[in-house]
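When a residue number appears, it is its place in the shown sequence, counting from 1.
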Amino acid sequence: MGDIIWYIVTAAAAALVAGVVLFIVGSKNGYNKRKREAESAIGSAEEEAKRIYNDAIKQSEAKRKEMLVEAKEEILKQKNDADREIKDRRREITNTENRIAKKEETLDRKIDAADKTNENLNKKLHEIEEQSENMKRALAEQREALERISGMTVDQAKSELLESLESELQHETAMKLDEYERRFKEGADEKAKDILSLAIQRCAADHVSEVTVSTVTLPNDEMKGRIIGREGRNIRTIETLTGVDLIIDDTPEAITLSSFDPVRREVARIAIEKLISDGRIHPTRIEETVEKARKEVDNSIRQAGERATFDTGVHGLNPELIKLLGRLKYRTSYGQNVLLHSIEVSLLSGILADELGADPAMARRAGLLHDIGKALTQEAEGSHIQLGVEVAKKYRENKDIIHAIEAHHGDVEPKTMIALIVQAADAISAARPGARRENLENYIKRLTKLEEITSEFEGVEKSFAIQAGREIRIIVKPDVISDDKMKIVAHDIVKRIESELEYPGQIKVNVIRESRAVDYAK
């Protein structure tokens, strides 16, 4: 087995050696062959390179000649184009020079014509100056002749002419004033009457003016003694607790309550009526009854304020303002109940605001609060307007509401539509017939002042206040006041009355001028 293996290995080795020898011999023969082929190829490549080089030189020479020819042609073309453009430019320049030359000739002609015109104008100006001098001399001569004929100097003639012009101007002014007033009244009076009459008709406030009760009716005269009590202790207790003076006189079955504060009078009245009804009258019972009466009055005040806000449609008021409104139930002004007056002004203000396009809710609120200061007049210093403004500011009312309160009597100039509406509504409520009672002395003073104002005007002979001061008749001197000047005098008197006099409603100014000729037959 070992011999077989050795034989196989020996044979394989011999075969391998023989293969290597054959490979070496073959490689050498291939190398020689490839060398010959490579040498042959190199020779052919050199010849081909020489041929390609020669062809390239020939082609580049031909291309150079071709490009040189094209460049010469392009240069020649550009030269021809430049020559044409130069010729065109020269032609344009020539034409422009010709036009300029023509314009210069035309301008020269115009300058010559202007020089001639200027010369002619100077001549005419000289002639006009000479004519002006001649006219001045003629006017001076004419003026001298007119002065000799008329017997008046120039200043006198001017004065007479100015007087004539002033008279004519006064006449035209009176006519224009009359025309403007007529036109204004035709529109304004009709519109104002419509708005005010509508507001008054729609206002549903109670127009009855309440009077504060100051008398308590007794069932019999024996009750007077019981109210006075032993040694006057009952009456002293009532007066001390209520702050009201009880006047027990000879009036049968009646007791008079006297106090400047209507709320205290009301508390005293209710307390006394309860004591009379109960029959038990002694200091302890009086104290209990007065306290109950005070609570009833406070409750009545609150209810009156709430009812006023409900009737007028004013919401969101501070509770303290509502209480102050209720206190106005026991306040009167010239006999007119202030709470009813405030409700009336509120409703009128809302209607007027609707008609004029303003805010009706704010107008009603301002109208309801415009006299709120009267609820504090006896408790604090200052006018009811000042107090009302302070209260409104304290409870943070709208600035337009505060301004309306401040301006409703003209203490300040109204600056808003709401203030004007409240002022008008307040005047309507106060001026309607039967709304207020006027003091006789103030009434007489107003009539006297009215006659004094009209009598101070120049040319007024007499004046008479009639119709309870709602009309003033003025007799003027016919030689001082002309027909045209009557209208101006009436207008001036109206403005004076409006600025110096306070009055309800309106006053008619009637100016009368008449000429009388008196003679006697003898």
H408 side chain to D371 side chain, donor-acceptor N/O pair below 3.5 angstrom =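 A donor-acceptor contact under 3.5 Å links the two side chains.
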Exam field: side chain [X] to backbone [Y], donor-acceptor pair closer than 3.5 Å:
X	Y	result
S455	E451	yes
S346	S342	no
Q423	A407	yes
R473	N510	no
S277	E273	no
N337	K329	yes
T289	R285	yes
R364	T309	no

Student check: side-chain heavy atoms of E397 and L317 closer than 4.5 Å |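 Contact flag for E397/L317 side chains = yes.
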Below 4.5 Å, heavy atoms only, C-beta onward: do V391 and E320 meet side chain to side chain?
->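 They are not in side-chain contact.
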In chain order, what residues pass the side chain to side chain donor-acceptor pair (under 3.5 Å) check against R496, with sequence neighbours excluded?
->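 Residues passing side chain to side chain donor-acceptor pair (under 3.5 Å) with R496: E456, E500.
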To the nearest 0.5 angstrom, please state how far the [atom1] atom of [X] sits from the [atom2] atom of [Y].
X	Y	atom1	atom2	value
I512	I475	CD1	CD1	4.0 Å
I238	R233	CD1	CZ	12.0 Å
L325	L368	CG	CG	4.5 Å
T237	H282	OG1	NE2	11.0 Å
I401	K393	CD1	NZ	14.0 Å
N398	I418	CG	CD1	9.5 Å

Please check if atom CD in E287 has more than 12 non-hydrogen atoms from other residues, nucleotides or ligands closer than 6.0 Å.
->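 Counting other residues, nucleotides and ligands, CD of E287 stays at 12 neighbours or fewer.
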Could you tell me whether H384 and H370 have their ring centroids closer than 6.0 angstrom?
->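 Centroid separation for H384 and H370: 6.0 Å or greater.
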Using a strict 4.0 Å threshold on nitrogen-to-oxygen distance, state whether E291 and R294 make a salt bridge.
->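 Answer for the salt bridge query: yes.
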Does the pair N318 and I322 meet the rule for a side chain to side chain contact (heavy atoms under 4.5 Å, CB included), with working shown?
-> CA-CA 6 Å; N318 189 284; I322 294 176; over 6 Å; no
Please report the closest heavy-atom contact between G373 and L387, naming both atoms and the distance.
->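 Nearest heavy atoms, G373 then L387: O-CD1, 3.9 Å.
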Considering all heavy atoms of both residues, which atom of I270 and which atom of V297 are nearest to each other, and what is their separation?
->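 Here I270 and V297 meet closest at CD1-CG2, 3.7 Å.
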